[in-house]
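Encoded as structure tokens, the structure appears first; notes follow it.
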Amino acid sequence: MNTEKFSKAFNIMENKKNNIKSNSSLKSSNSIKSSKFLQVTEESDYQIYEENTLKSFNIKNSEFTNFLNRHQISDYKEKVSNLFDNLVQLNNENKAILLSVDLKDIKPDIYKKTKEIMLKFISEDDFLKFEDMFLKYNILDKLKMSTPYRIFLYKDFNKNKYIIFLIDPHHLVITDKKTRKNKVYKNNINNDICISKFQKTP
């Protein structure tokens, strides 16, 4: 797997020890808590987990799909695909914000759903090994507002690499009230355009 240098590495272990949480944590009881990591400390490598990371799947039992509809293509290419041409762009806070993903203390059914989705993209051994270190990029628009696009990753300290393992173009891995109210999965269940058409391994 190819790697690319990017300079937005975070001191995860220290933040975990100090339990530093952002005031912008999600408050919905049906959502998984997210909090910002605040400290940039070192350079690190970026790496794609495996080929499936750059593919689309429809997981009906978990109400997840990352297939695209035809109306998304231009926007997706601009906001997500282009980032993989040069991952250093993720350092730009005008383009993306990096958050931690806290899977602890959530309802068992929400945890089960999230795990089922992630296991399509990551092995169960790696899920259990790295679940306390899961991160996500929220991709921003030109007004610095969050879009539905999410990129999930974790830090592998043994390899000293950040591993991207899942691309979520509809905000369906970790949903919020707006996503559920708008029935985003139902509205995209018949999408048939695979993200692999627009993604290339960096």
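This one's a predicted model, so the numbers in the text were calculated from it and none came from an experiment.
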For residues [X] and [Y], report the shortest heavy-atom separation together with the two atoms involved.
{"X": "Asn182", "Y": "Asn187", "result": "O-ND2, 2.9 Å"}
{"X": "Cys194", "Y": "Ser56", "result": "SG-N, 3.3 Å"}
{"X": "Asn188", "Y": "Thr65", "result": "O-CG2, 3.7 Å"}
{"X": "Glu116", "Y": "Ile59", "result": "O-CD1, 4.4 Å"}
{"X": "Val101", "Y": "Lys136", "result": "CG2-CG, 3.8 Å"}
{"X": "Phe127", "Y": "Ile122", "result": "N-CD1, 4.1 Å"}

Checklist entry - Is Lys155 close enough and on-axis enough to Phe157, meaning under 6.0 Å and within 45°, for cation-pi? => result yes
Checklist entry - Going by an N to O cut-off under 4.0 Å, is there a salt bridge joining Lys104 and Glu131? => result no
Next on the checklist: Set out, in order, the CA-CA distance, both residues' side-chain angles and the distance that settles side chain to side chain contact (heavy atoms under 4.5 Å, CB included) for Ile117 and Leu166, then state yes or no.
Outcome noted: CA-CA 9 Å; Ile117 294 170; Leu166 195 166; 4.1 Å; yes
Would you say the side-chain atoms of [X] and [Y] include a donor-acceptor pair closer than 3.5 Å?
{"X": "Tyr49", "Y": "Asp126", "answer": "yes"}
{"X": "Asp75", "Y": "Gln72", "answer": "no"}
{"X": "Tyr185", "Y": "Asn58", "answer": "yes"}

With rounding to the nearest 0.5 Å, note down the distance linking [atom1] in [X] to [atom2] in [Y].
{"X": "Ser196", "Y": "Leu54", "atom1": "OG", "atom2": "CG", "result": "8.0 Å"}
{"X": "His71", "Y": "Asn191", "atom1": "NE2", "atom2": "CG", "result": "9.5 Å"}
{"X": "Met133", "Y": "Ser100", "atom1": "CE", "atom2": "OG", "result": "12.5 Å"}
{"X": "Met118", "Y": "Phe64", "atom1": "CE", "atom2": "CZ", "result": "9.5 Å"}
{"X": "Leu172", "Y": "Arg180", "atom1": "CG", "atom2": "CZ", "result": "11.0 Å"}
{"X": "Leu99", "Y": "Leu135", "atom1": "CG", "atom2": "CG", "result": "9.0 Å"}

Item to check | Donor-acceptor pair, side chain of Asn52 and main chain of Lys55, under 3.5 angstrom | outcome: no
Checklist entry - Looking at Leu140, Leu83, Ile139, which hits side-chain contact (heavy atoms from CB on, under 4.5 Å) with Lys95? => result Leu83
Checklist entry - Within a strict 4.5 Å, meaning less than it, do heavy atoms of the Ile73 and Lys77 side chains meet? => result yes
Next on the checklist: With side chain to side chain contact (heavy atoms under 4.5 Å, CB included) as the criterion, how do Lys115 and Leu128 come out once you've worked through the C-alpha distance, each side chain's angles and the decisive distance to 0.1 Å?
Outcome noted: CA-CA 10 Å; Lys115 183 177 180 180; Leu128 296 174; 4.2 Å; yes
Next on the checklist: Assigning hydrophobic clusters by single linkage (Ile, Leu, Val, Met, Phe, Trp, Tyr; side-chain heavy-atom cutoff under 4.5 Å), is Leu119 placed with Phe121?
Outcome noted: yes
Next on the checklist: Do Tyr149 and Phe67 sit in one hydrophobic cluster, given that two such residues count as connected whenever their side-chain heavy atoms are within less than 4.5 Å of each other, even indirectly?
Outcome noted: no
Next on the checklist: Measuring centre to centre across the rings, with the benzene-like ring taken for any Trp, is Phe152 within less than 6.0 Å of Tyr137?
Outcome noted: no
Item to check | From CA spacing to verdict: ring-ring contact (aromatic ring centres under 6.0 Å, His included), Phe165, Phe134 | outcome: CA-CA 10 Å; Phe165 67 92; Phe134 286 160; 5.2 Å; yes
Item to check | Heavy-atom neighbours of Asp109 CG exceed 12 at 6.0 Å | outcome: yes
